Structure formats: structure tokens, C-alpha cells
Enquirer: 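Got a structure here, written out as C-alpha cells. Questions coming.
Given the structure is predicted, the values throughout are model-derived calculations rather than measurements. Chain letters run A, B, ... following the sequence lines, proteins first, then strands; residues in each count from 1.
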Number of protein chains: 2
Amino acid sequence: MELIYGSTMRKKWIEPALRFLPVGLCISALALMLKSKEGNENGILEYKHVGAFRYLAYANGICAAYSVLSTFNSVVPRSCSLSRAWFVFVFDQAFTYLMLGAGAVVTEVLYLAYKGDEKITWFEICPYYGRFCNRVAASLVISFLALLCFIPLSLISAYRVFSKYDPPSLCKKDQITSQS
Amino acid sequence: MELIYGSTMRKKWIEPALRFLPVGLCISALALMLKSKEGNENGILEYKHVGAFRYLAYANGICAAYSVLSTFNSVVPRSCSLSRAWFVFVFDQAFTYLMLGAGAVVTEVLYLAYKGDEKITWFEICPYYGRFCNRVAASLVISFLALLCFIPLSLISAYRVFSKYDPPSLCKKDQITSQS
């Protein structure tokens, strides 16, 4: 029995594609964020004025760099060393968490920027900085698309690590096969 | 070769303990959040007035319920069926992401509540609602402790699923053992 991914290893392009896609996505999201600047009679507003937006920009920059490296790692002839598999797995998990955290934070701040929260006197800013908000929103959507690549990657690398171990002693393979 | 967790399956208490701990943690975090209400001359402020705080309360409630069920699942005599392992794995991942997202969002909003962001005229509220902010902060810290249980649990359940599969065809076990 081999996992779907394993049984279709001839489709070697799946993993490099999933690793390469975030390069373009993260760079696009980063570029949009960097360009999200708008001025009016109230003053100039840009991404660096809001901590959450800076965080998403950094996360996209770091994830783009990691995606370049991990794409390279996935296309060069690979060794099957366990340490390498663990290395990729830990980083895939960490970057998935990083993008998820950044995406969640920006979603909340953008929601407040659109809707405001009168109870705590944080009023909406998007009616005055529409173009700014739209660009940040576009950057956020693209970041979530990148996250949609990172999640299956973290599953693939988990599979690559843990399939090299024997199952827990209570659940040996013969037993599993007969029961699953 | 068997993973550390697998080789120490005699220490059967590790997984149930990690599953049971979040029950207490999430309930404590939820209770603190529900009690984070403060009034002064500016009005009454409570957790339900801030979307992010509501989200963390819901997340803690749901995770406490899931932790009860998954503790029960981890202590009853288990079948080794693959579908059950997948089921637990998917939920462990989902709840890890849920808690991480909620924690990240509340961290950001609480940061804004303490520090404010003058550029977008969102002023700090904690100087006026100190007890409220402290309780939310305590709830957040406890939620992150629960997250620290969910992360290793999602690794354990990933191990339980993927160790039942053969490694990718390019990396068969003999090859791995000699190279790792």
C-alpha cells in the first residue's frame, strides 16, 4: 500500500510545482503590499504604518525566498536521508504557520479597517483610503493562495518523513492492512 | 527503526496527557475571556465588543470540546484502522490552525489596544480598561499554552498516519536506512 502521492511519483512535477507557485504568489503579494500607498487631505497612508501589514510583507518576502530554495531542493537529484526529510518538513510546517498567522492577523485588521469597531472607537479607514485597502486586500488574497500551496506541501513532507518510520508497536503494518 | 514516540509507546500517558491538558487550558482561557468585562466613565467594555476576542472565545470552547473527545479516543482500546488515524490527524491539524489563527489575531488586536496606531487614529484603549486588557492577555497566554499541546499532537497523529504507508518509491526503506 502506498500513498496516492507515492504511487504517482511519476508525476514528479506536482511537488516542484507546489513549491514554485508560492514564489510568484508571494512576490506578487509583496509587490502589491509595497505599492499600497495612498494620500489624501488626511495624510499619506502606507503599509508600513500598520504593524500587521508589515508582518504580511515580511512573511511574503521570507516565504518567497524559502520557496525558491525548496523548489531547487525538490528538483535536484535527491538523497533519501532522513535528516534532509526532517529539515524540509520542519521548515514546511514553520512557513505554513507563519503564512497562516500573518494571513489571519491581516484579515482581522483589514476587517476593522473596513468596518471599524465603534465600541473601542477604532473607526473604519477604508472609506477614506479605498485604493490602499483594496491593494492590501488583494495582497491578502494572494497570500492565502500561497498558503493553499504550503498546506499540501507540509502534508507531503510529513509523509516523506513519517513513512520512513515503522508504525507504533501497537499498530504493526499487518494489523493495519487487515483492519483498514 | 522506530520513531522516539513509537519506541516509547510504553509511556502511553504522553498522548492522553497532551490531549487532556488543553481541556483545562482552553476552559481557563474561555472563562477568563468571558469574565473580561470592565466599566468606567467611558462605558462598559467586554470581550464580545471585539470580534477577535469573540473568535478566541469560540476557538477555546470548540478546542476544549474536541480535546475531551480526543482524550477519550486516545485512552479507549484503539483499533488501528487507517480511516481513524486520518480522522484524528485531520482534526488535529485543523484545530492547531484554528488556535494559531485565533492566537495571532488576538495578539495583534491586543497589541493595538495597548499601543494604538496613531497613523490610522486607532488609539490605545488599555490605559482606560487595564483590567479588561490584562484578562484578555492572560486568556491569550493560556491559549498559546494549549497551542503548544496541539502542535506535538499534530506531529504524533501525522506519524500515526504516514508511518502506515510505504516511503516514496524513489526512497525505499533499505536505501534510507543506509543513507540516514
Enquirer: Would you give the length of the straight line joining atom OH of A/Y97 to atom OG1 of B/T96, rounded to the nearest 0.5 angstrom?
Expert: 5.0 Å

Enquirer: Applying a strict under-4.5 Å side-chain criterion to I, L, V, M, F, W and Y, I'd like to know whether B/L147 and B/L25 cluster together.
Expert: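 No, it is not one cluster - the side chains of B/L147 and B/L25 are not joined through contacts under 4.5 Å.
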
Enquirer: Can you establish whether the number of heavy atoms outside B/Y114 located under 6.0 Å from its atom OH is more than 12?
Expert: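 Correct, the count exceeds 12.
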
Enquirer: Could you tell me if the side chain of A/L155 sits less than 4.5 Å from the side chain of B/F89, heavy atoms only?
Expert: yes

Enquirer: Is it true that A/W13 and A/I156 fall in one hydrophobic cluster, defined by side-chain heavy atoms closer than 4.5 Å?
Expert: yes

Enquirer: Is B/M33 reachable from B/I125 through a run of hydrophobic residues whose side-chain heavy atoms are each under 4.5 Å from the next?
Expert: yes

Enquirer: Quick check on the interface: out of A/A102, A/A113, A/S154, who has the most heavy-atom pairs with chain B under 4.5 Å?
Expert: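 If we count pairs closer than 4.5 Å to chain B, A/A113 comes out on top.
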
Enquirer: Search all heavy atoms of A/V105 against all heavy atoms of B/A104 and return the closest pair with its distance.
Expert: CG2-O, 3.2 Å

Enquirer: Which bit of A/E118 is near chain B, if near means a heavy-atom gap under 4.5 Å: side chain, backbone, both or neither?
Expert: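 For A/E118, no heavy atom lies under 4.5 Å from chain B.
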
Enquirer: Within a reach of under 6.0 Å around CZ of A/F72, are more than 12 heavy atoms found that belong to other residues, nucleotides or ligands?
Expert: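 At most 12 heavy atoms, drawn from other residues, nucleotides or ligands, come within 6.0 Å of this atom.
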
Enquirer: Between A/A158, A/G101, A/A85, which shows the greatest number of heavy-atom pairs under 4.5 Å with chain B?
Expert: A/A158

Enquirer: In terms of heavy-atom pairs under 4.5 Å, which option from B/V106, B/T107, B/I44, B/I151 contacts chain A the most?
Expert: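 Sorted descending by pairs with chain A, the first entry is B/I151.
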
Enquirer: Where does A/V50 contact chain B at under 4.5 Å (heavy atoms): side chain, backbone, both or neither?
Expert: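 Contact with chain B is through both the backbone and side chain of A/V50.
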
Enquirer: Enter the distance from A/F123:CZ to B/I120:CD1 here, rounded to the nearest 0.5 Å.
Expert: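 Reported to 0.5 Å precision, the distance equals 13.0 Å.
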
Enquirer: If the plane angle is over 60° it's perpendicular, under 30° parallel, otherwise tilted; pick one for B/Y159 and A/Y165.
Expert: perpendicular

Enquirer: Verify the cluster assignment for A/I14 and A/L21: are they in a single hydrophobic cluster under the rule of side-chain heavy atoms below 4.5 Å apart?
Expert: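 No; tracing contacts between hydrophobic side chains, which count when under 4.5 Å, never links both residues.
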
Enquirer: What pair of heavy atoms forms the shortest contact from B/V109 to A/E108, and how long is it?
Expert: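 Shortest heavy-atom contact: CG2-CG, 3.6 Å.
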
Enquirer: If every non-hydrogen atom of B/K119 is compared with every non-hydrogen atom of A/L45, which pair is closest and at what distance?
Expert: O-CD1, 4.4 Å

Enquirer: Looking at chain B, which one of A/Y111, A/W122, A/Y55 has the largest number of heavy-atom pairs inside 4.5 Å, strictly under?
Expert: A/W122

Enquirer: How about A/F144: does its CZ atom have over 12 heavy atoms from other parts shown lying under 6.0 Å from it?
Expert: yes

Enquirer: Decide whether B/L32 and B/M99 are clustered together by the hydrophobic rule: side chain heavy atoms of Ile, Leu, Val, Met, Phe, Trp, Tyr closer than 4.5 Å, transitively.
Expert: no

Enquirer: Measure the OG1-OH distance between A/T121 and B/Y128 for me, rounded to the nearest 0.5 Å.
Expert: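 Taking OG1 in A/T121 and OH in B/Y128, the distance rounds to 9.0 Å.
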
